[in-house]
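Numbers for residues simply follow the sequence, beginning at 1.
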Amino acid sequence: MSKDTFGFIKPLVDVHTMGMFTIANLLRDCGYVVYIANDDINEAIEDIHKINNYSLLKRWIIDNGITKLSISYRLDPKDGCDYFMSIYEHLKSDNMLVEKGGPIKNVSFAGLPDTCDMIRSKTDNVLLFKGDEPPIESLRLYGVPENLLPSSLDNDNPYDKMRWEFAEKLISSERYKIEPSLDHYGYPECGKENDGYLLRLHYAKNKHSLPIIRTHSGPYNPNREEALKEYNSWCRELAQSKLLDILSIGSSQLTQSHFGENWDGLPNGGGIPVNSELEYQIIRDNAKPMLARTYSGTKNVPELARIHERALNISWHALSFWWFDELDGRGSNSLLENLKEHFEAIRYIATTGKPVEPNVPHHFAFRGADDITYIVSGYLAAKACKELGVKHLILQNMLNTPKYTIGIQDLAKGRAMLRLVRGLEDSNFSVSLQLRAGLDYFAPDLEKAKVQLAAVTCMMDDIDPENDNSPEIIHVVNYSEAVRLATPPIIKDSIKITLNALREYRIARKLGKVPNMLYDIKTKERTESLYSEAKAAIGLLEKSIPNLYTPEGFYKVFVEGFLPVPYLMDQNRKFSKATKYHTAIKNGGISVVDDKGLIINTIERYKKIIANMEI
């Protein structure tokens with residue numbers, strides 16, 4: 001066994017951590033010791049030339065015995081190259097590399113292809129990861145011996161192969177380029193002050209032209225005024241195409257964390273830098289007749305909900321419950337403060353009649369949670385919304401998360417969660433299913449990424465294949481995701497690929513050219529297993545946690561470790577019960593495992609937690 005120890009760092013301004021956590025966990029599964037730097041180190045490397053910052057990084061490397069150092073950055077390529085080369089040159093000049101007698105055997109970089117190319121032009125002594133590497137190939141590049149590679153990563157699933165071949169033919173034919181829009185702009189209220197998601201949903205259902213199409217977008221420009229001007233021109237162009245129903249504003253981190261405040265000297269980190277209600281109103285007006293939505297903030301959540309109502313007539317509110325606070329470093333709220341603000345915001349939203357979209361399950365998955373936790377967290381958030389008076393829920397399900405999840409497991413996980421949440425429906429509460437591809441899914445090879453987009457669209461239709469109204473919403477993730485921010489032409493092509501794949505796949509199923517996955521035995525068995533285990537887990541929580549559907553109840557569920565997040569960066573061990581469990585790839589999905597790699601049943605684990613829990 002190698003004695004190598006891996007260290008992962010990234011500039012603090014970059015909030016993209018999923019790929020880093022994924023490979024770190026896989027290296028741990030192979031038996032390696034892995035350290036992920038805390039915020040002090042990540043902030044220091046943003047200005048490595050500043051006094052004491054390099055010494056802080058060096059001490060971290062030496063104290064932890066790190067022999068392989070990996071640097072990650074997925075924002076602006078020039079900034080990424082500058083960050084990396086500054087760190088690399090400091091390590092070289094300080095004789096920290098092994099060829100100079102130092103401890104570091106190699107330095108690697110993971111980021112956008114353009115950043116990798118810029119780094120390659122400056123040095124050829126660095127291992128580069130552009131994002132297209134399968135997990136098992138990444139491990140090989142890191143030097144992991146074949147006998148230590150997880151066998152669960154070597155997958156040749158017939159369902160996934162079928163979808164890939166179907167998508168390849170569709171993209172090579174280029175028929176998607178002439179795919180017409182669904183054109184949901186024909187009802188009387190469209191584009192007017194009283195327009196809204198439920199009106200558009202009703203119109204699309206009557207027209208038999210679901211799904212509603214949403215996409216997330218926004219140019220990057222360090223000049224705030226220029227960024228807003230460019231984005232408003234994008235809004236007008238996208239509205240004219242009639243391809244897009246919901247404009248999802250890719251707001252900047254500062255918009256979410258410091259809305260309405262002075263931003264002087266604060267790093268933006270990308271996204272649309274909206275900082276006033278007037279700027280939101282201008283975007284809304286330029287976007288019409290599209291509806292608009294944006295993410296909530298990382299503080300003052302109830303007040304931002306009111307602002308989004310006034311300034312955007314927001315199509316629906318997106319809230320993260322446990323996330324975008326101290327847990328993930330995205331905000332200054334404590335976990336309990338964040339939950340209290342979210343519950344207060346939802347009470348207000350309920351009075352507006354607007355839907356709520358809980359951005360919850362995939363954030364647990366980003367931090368290594370198992371598939372049962374994915375389902376349970378989604379259900380808990382949905383039921384809390386209902387109990388707080390929300391009439392309509394947007395149930396988001398992010399597929400390919402993690403990206404090595406096999407297709408039939410994604411189907412089973414999606415069906416189990418949908419079945420549980422639809423069980424909450426009654427005359428006062430309804431659910432719209434929103435499906436999307438994973439954040440970490442797309443390859444930097446754009447032609448391959450187009451195939452991936454078509455293939456994941458096929459899977460979206462297989463979650464509820466005999467329901468013409470499902471999914472109600474598709475959040476189209478643009479195929480350029482791994483390389484660069486999407487411009488309007490890429491956004492429009494991504495929507496056309498999605499619509500064409502959906503239509504062609506439905507025709508192929510009716511003709512018997514592709515299987516009807518509703519009747520696939522393996523998928524049905526997995527669905528029943530996940531559903532039964534998740535339902536029993538929810539029952540235990542409702543029985544054992546007093547006032548479960550309150551901020552205090554949700555806080556207790558997390559701190560007691562019912563929802564395990566082994567990737568969580570918790571250097572102060574504040575949430576030690578939540579991070580103590582291990583998860584691993586099992587049968588193409590993610591399960592909680594013991595020290596021997598054996599799956600731990602959720603109900604057994606919950607009962608042990610409850611037995612040791614202080615009520």
request  = Go through the side-chain N and O atoms of H258 and Q253 and say whether any donor and acceptor fall under 3.5 Å apart.
outcome  = no
Polar side chain donor-acceptor pair, T215 to H475, under 3.5 angstrom = no
ask   = So, the side chain of T579 versus the backbone of L568: is there a donor-acceptor pair under 3.5 Å, distance only?
value = no
inquiry  = For W323, does the six-membered ring have the charged nitrogen or CZ of R367 within the cation-pi criterion, i.e. under 6.0 angstrom from the centroid and within 45° of the normal?
reply    = yes
request  = Answer yes or no: is there a donor N or O on one side and an acceptor on the other, between the side chain of K192 and the main chain of P188, under 3.5 Å?
outcome  = yes
message = Just checking F558 against F575, ring centres under 6.0 Å apart?
response = yes
inquiry  = Treating D370 as the side-chain partner and V592 as the backbone partner, does any N or O pair qualify as donor plus acceptor under 3.5 Å?
reply    = no
task = Return the orientation label for the W322 and F554 ring planes: parallel under 30°, perpendicular over 60°, tilted otherwise.
result = parallel
request  = Taking atom types as modelled, find out whether N286 and N232 have a side-chain donor-acceptor pair closer than 3.5 angstrom.
outcome  = yes
ask   = About how many Å separate CG of D325 and OG of S334, when rounded to the nearest 0.5 Å?
value = 7.5 Å
Side-chain (N338) to main-chain (N333) donor-acceptor, under 3.5 angstrom = no
query = How long is the span from the OG1 atom in T583 to the CG atom in D371, to the nearest 0.5 Å?
reply = 9.5 Å
ask   = Can you find a side-chain donor-acceptor pair between Y549 and E542 that sits under 3.5 Å?
value = yes
task = Mind jotting down which residue pairs meet the ring-ring contact (aromatic ring centres under 6.0 Å, His included) criterion with at least one end in residues 371-396? Sequence neighbours excluded, please.
result = Y197-H392
message = Pairing donors with acceptors under 3.5 angstrom, does anything connect the side chains of R214 and S248?
response = yes
request  = Check whether any side-chain heavy atom of T401 lies under 4.5 Å from a side-chain heavy atom of T405, and answer yes or no.
outcome  = no
query = Is the shortest distance from a Lys or Arg side-chain nitrogen in R306 or E277 to a carboxylate oxygen in the other one below 4.0 Å?
reply = no
message = Taking ring-ring contact (aromatic ring centres under 6.0 Å, His included) as the cut-off, I'd like each qualifying pair that reaches into residues 277-307, sequence neighbours left out, listed once.
response = H216-Y295, F259-Y280, Y280-H308
Spacing of CD1 belonging to I249 relative to CG belonging to L247, to within rounding of 0.5 Å = 5.5 Å
Salt-bridge criterion met for K299 and E341 (N-O under 4.0 Å) = no
inquiry  = Measuring centre to centre across the rings, with the benzene-like ring taken for any Trp, is H363 within less than 6.0 Å of F324?
reply    = yes
query = So, E425 side chain and V431 main chain: donor-acceptor pair closer than 3.5 Å or not?
reply = yes
query = Does NZ in K207 sit with more than 12 non-hydrogen atoms of other residues, nucleotides or ligands closer than 6.0 Å?
reply = yes
query = Under 3.5 Å, is there a donor-acceptor pair between the E357 and Q434 side chains?
reply = yes
key: Whether E230 side chain and P219 backbone form a donor-acceptor pair below 3.5 Å   = no
ask   = Are E279 and R224 close enough for a salt bridge, meaning some N to O gap below 4.0 Å?
value = yes
task = Drop me the distance from L453's CG to T498's OG1, to the nearest 0.5 angstrom.
result = 4.0 Å
key: Donor-acceptor side-chain pairing of T602 and E533 below 3.5 angstrom   = yes
ask   = Heavy-atom distance under 4.5 Å between the side chains of H184 and S209, does that happen here?
value = yes
ask   = Within the distance-only criterion (no hydrogens, no angle test), does the side chain of H342 pair as donor or acceptor with the backbone N or O of S320 below 3.5 angstrom?
value = yes
message = Any side-chain to backbone donor/acceptor pair from S315 onto A292? Under 3.5 Å, distance only.
response = yes
message = Is the positively charged end of R200 above the ring of Y187, judged by distance under 6.0 angstrom from the centroid and angle within 45° of the axis?
response = no
key: Shortest non-hydrogen contact between L201 and S432, atoms and distance   = CD2-OG, 3.8 Å
request  = Using a strict cut-off of less than 4.0 Å between a Lys/Arg side-chain nitrogen and an Asp/Glu carboxylate oxygen, indicate whether E481 and R74 qualify as a salt bridge.
outcome  = no
query = Under a 4.0 Å N-O cut-off, is there an ion pair linking K386 with D426?
reply = yes
key: Pairwise side-chain contact, L380 with V376, heavy-atom cut-off 4.5 Å (strictly under)   = yes
request  = Decide whether K288 and N313 meet the rule of one side-chain donor and one side-chain acceptor closer than 3.5 Å.
outcome  = no
